[in-house]
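Structure first, then comments.
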Amino acid sequence: MAGRRDGFVGVFDSGVGGISVLRSLVEELPHEDFRFFGDSANAPYGEKTEGQVLELSCGIVKRFVDEGAKAIVIACNTATSVAAPTLRAAYPDVPIVGIEPALKPAARALPHGRILVMATEVTLRLEKYHELVRAWGGECEVVPVPCPGLAARIEHGDLDAPDVLEMLGRYVGAHAGHVDGVVLGCTHYPFVRRQIAEVLGPDVRFFDGGAGTARQLGARLADTGLLADRDRSGRVEFASSLDTPEELALYERFFSLSC
Ligand code: DGL
């Protein structure tokens with residue numbers, strides 16, 4: 001078992017978005033080694049068919065498992081909704097932790113609030129999202145806000161450019177003054193949290209699934225005896241299907257951004 005404990009945790013997303021989750025993972029589990037894979041060549045997943053997202057996700061997880069990953073984090077709401085059950089059935093011995101829109105903490109914090117759930121079209125279309133609203137929405141008014149094009153735009157960086165604010169204005173501007181909370185239900189969106197707040201005003205509270213996912217991974221590693229047992233800090237490595245020095249530099253830059 002000591003051998004497996006020394007293994008790495010594979011983390012993936014359609015692109016840079018999963019780096020917002022990776023930051024929470026490193027904060028919660030500083031002694032773990034993480035390998036992050038961003039499938040930027042195939043982003044955005046949120047506008048693909050479910051079959052395409054399933055095939056891409058299975059390919060990435062197979063590579064991680066073949067390389068010896070001790071656990072997997074699906075740092076993508078879209079891929080979690082589509083592929084988590086299939087992946088867990090295929091690799092029953094590998095803890096596989098997914099992410100979902102943080103509606104539960106949002107509804108607890110704002111029990112009668114008006115809450116926007118910003119996410120991809122695929123995430124908001126699938127039954128998993130509707131189950132989440134039925135289970136945790138309670139007395140809240142939950143408003144789904146699909147944001148086509150936003151994740152793809154975030155992939156390009158330069159997040160203070162006028163077209164980003166213009167796009168956010170189109171998606172959420174009409175809610176300004178009438179919203180209590182925003183669930184960032186796509187892992188790309190924490191990187192434009194400040195810009196969304198500029199559109200909606202200062203009193204809106206934000207929720208994302210990063211910290212919950214990190215706690216969940218810690219619990220699964222502890223339960224399965226796989227927590228790293230070492231003094232040194234863990235290593236973080238980046239890889240991308242857009243395998244260029246510029247893309248990897250972008251990943252490192254997103255990892256150092258505060259969001
Ligand atoms: N970051 C992903 C998510 O959490 C998907 C973004 C995309 O590729 O459309 O849903």
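Both counts, for ligands and for their atoms, begin at 1 and track the order of listing.
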> At a 4.0 Å threshold, what atoms of ligand 1 neighbour a non-hydrogen atom of T78?
Replying inline: 3 (C), 5 (C), 10 (O)
> Mind checking whether F36 and F12 have ring centres under 6.0 Å apart?
Replying inline: no
> Which atoms of ligand 1 are found less than 4.0 Å from any heavy atom of S14?
Replying inline: 5 (C), 6 (C), 7 (C), 8 (O)
> Can you name the closest pair of heavy atoms from I196 and V172 and give their distance?
Replying inline: CG2-CG2, 4.4 Å
> Which bit of A151 is near ligand 1, meaning a heavy atom under 4.0 Å away: side chain, backbone, both or neither?
Replying inline: side chain
> Backbone or side chain, does any N or O of D13 fall under 3.5 Å from an N or O of ligand 1?
Replying inline: yes
> What atoms in ligand 1 come closer than 4.0 Å to a heavy atom of Y45?
Replying inline: 7 (C), 8 (O), 9 (O)
> Counting both backbone and side chain atoms, is some N or O of G46 under 3.5 Å from an N or O of ligand 1?
Replying inline: yes
> Hey, is D163 close enough to R153 for a salt bridge, meaning N to O under 4.0 Å?
Replying inline: yes
> If we only count N/O pairs under 3.5 Å, is T187 in contact with ligand 1?
Replying inline: yes
>> Side-chain heavy atoms nearer than 4.5 Å, only ILVMFWY residues, links allowed to pass through others: does that put F255 and Y251 together?
In response: yes
> Which atoms form the tightest heavy-atom contact between S240 and L242, and what is the distance?
Replying inline: OG-N, 2.9 Å
> Which one holds for P44 and ligand 1: side chain close, backbone close, both close, or neither close, with close meaning a heavy atom under 4.0 Å?
Replying inline: both
> Do the numbers put R63 on top of the ring of F37, so that NZ or CZ is under 6.0 Å from the six-membered ring centre and no more than 45° off the axis?
Replying inline: yes
